[in-house]
Amino acid sequence: MAEHLSQSELDYPFKLMEYLNGFRISKAIFSACELGVFDLLLESQKPLTAGEVAQKLGTSGDGIERLLDLLVAIEILEVELMQGTAYYNSTDVANLYLAKSSPKSLHSLIIYHSQTTYPLWNNLVDAVREGKNQNEKTFGLPSEEIFSAIYRSEEEMLKFMGLMNSTWVIDGHDIATAFDLSCFKSIIDLGGCSGALAREIAKEYPSSTVMVLDLPEVIQSAQRHFAQQNDTICFQEGNFFDGEIPSADLYILARIIHDWKDDKNVKLLKKIHSACNKGGGVLIAEALLFENRRGPTMVQTFSLNMLVQTEGKEHPPSYYTHLLTEAGFRDVQVYRTGKSYDAILALK
Ligand SMILES: C[S@@+](CC[C@H](N)C(=O)[O-])C[C@H]1O[C@@H](n2cnc3c(N)ncnc32)[C@H](O)[C@@H]1O
């Protein structure tokens, strides 16, 4: 019995207790974001008492004090006691990643996780039992139509686009520079959503043209809400399964393969292969599992997330190599960034 546990683990399961409490930590950060705690502390430019925060955010004094204290304990805020009164202040992490106005803000990602991912994970038991997504149980939407569920309202579509954007603000440069893409002069980001990754690619390769192709309603929303003055990319409405894929030197598939079942992925890659110009290629950006099934932990959580929300899953590099080879691509190269998302390049 328990022969593999160290003496300290026999005394108290520290790691396990931390994991069991993990959801409370996430939800506390989510709640502080939704309440505007980090924006307020950034704007105030000086430490505030719990009473001042409560008054400005319209919360209870007791509730906000407990929340602020937890955020201090996990080193997301700082506190100083002066003559018995606690003054709360931001940290660099909070200012850079949690305040809405920061260019590196993860605010949209947090709002999506809090309001959409969290309710879906509430049905994880059923998702595992049934082996299918929980869009129907959570939101009353058909489980086969995954993007109808994700885009169930304009508000939800914008939240999802914000989530997609957040990732590339911090991981985009690593994907854009994983390989030298300068030989590809025309680039299409298939399912490129709001264009966040496409802009990173355009920034890195200014002599290439970069276009985002996505579903009509997504492109219209991207143009309304995410287009920039003197934008470096252009947009095209389309459907990569049912419509035509325009010819190009390079296709980007970022977080597309993980949404779908194998047969759809093979069909899509074969279609891309035949549209691709000679000497062209495909760049896949996905979170890669280890071949030995032992992680990374975050990617395993992403894979469960695909279970509760889509029809796909996360994979190790060998899956992509197999898929790309079956579709006719060659010279598959894999680059692990060490962050959340990795890159795979294959040539026609
Ligand atoms: C998981 S998101 C990834 C978005 C983006 N590539 C990124 O990584 O931020 C999947 C994208 O595929 C788009 N999409 C889904 N089905 C599509 C289809 N049949 N044709 C074109 N785009 C599609 C969605 O609208 C969405 O933007």
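Whatever order the structure lists them in is the order used to number ligands and atoms, beginning at 1.
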Location of contacts on F160 toward ligand 1, heavy atoms closer than 4.0 Å |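 For F160, only side-chain atoms sit under 4.0 Å from ligand 1.
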
What part of I252, side chain, backbone, both or neither, has a heavy atom within less than 4.0 angstrom of ligand 1?
->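 Within the 4.0 Å criterion, I252 makes no contact with ligand 1.
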
Around [atom], find the nearest protein heavy atom and jot down its residue, atom name and distance.
atom	value
atom 1 (C) of ligand 1	R255 O, 3.2 Å
atom 4 (C) of ligand 1	G191 O, 3.2 Å
atom 7 (C) of ligand 1	W168 NE1, 3.2 Å
atom 27 (O) of ligand 1	D214 OD2, 2.7 Å
atom 22 (N) of ligand 1	F240 CE2, 3.2 Å

Would you confirm whether H225, through its side chain, and Q223, through its main-chain N or O, come within 3.5 Å as a donor-acceptor pair?
->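 No.
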
Got a donor-acceptor contact below 3.5 angstrom from the S102 side chain to the Y97 backbone?
->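 Not at all, since once roles are kept as given, no pair shorter than 3.5 Å links the two residues.
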
[X]: numbered ligand 1 atoms lying under 4.0 Å from its heavy atoms:
X	result
Y151	24 (C), 25 (O), 26 (C), 27 (O)
I256	10 (C), 11 (C), 12 (O)
V218	25 (O)

Who else is in the cluster with V212 when I, L, V, M, F, W and Y are joined by side-chain contacts under 4.5 Å?
->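 V212 shares its hydrophobic cluster with W168, I175, F179, L181, F184, I187, L197, I201, Y205, V210, I219, I233, F235, L250, I252, L283, M298, F302, Y335, Y341, L345, L347.
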
Among Ile, Leu, Val, Met, Phe, Trp and Tyr joined by side-chain contacts under 4.5 Å, find the other residues sharing a cluster with V299 and list them by chain and number.
->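 Via sub-4.5 Å side-chain contacts, V299 links to L289.
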
Which heavy-atom pair separates S207 from K185 by the least distance, and what is that distance?
->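 Closest approach of S207 to K185, heavy atoms only: OG-NZ, 3.3 Å.
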
Please step through side-chain hydrogen bond (donor to acceptor under 3.5 Å, both in side chains) for the pair Q115 and E156, ending with a clear verdict.
-> CA-CA 10 Å; Q115 298 176 1; E156 278 302 316; over 6 Å; no

Is there a donor in the side chain of T310 and an acceptor in the side chain of N133, or the other way round, less than 3.5 Å apart?
->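 Looking only at side-chain atoms, N133 and T310 do not form any donor-acceptor pair under 3.5 Å.
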
Report yes if some heavy atom in the side chain of F290 is under 4.5 Å from a heavy atom in the side chain of R336; otherwise report no.
->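 Yes, their side chains come closer than 4.5 Å.
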
Is ligand 1 less than 4.0 angstrom away from at least one heavy atom of N239?
->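 N239: in contact with ligand 1 (<4.0 Å).
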
Option whose closest heavy atom lies nearest to atom 3 (C) of ligand 1, chosen from G172, A254, C193 =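 Residue with the shortest heavy-atom distance to the ligand atom: A254.
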
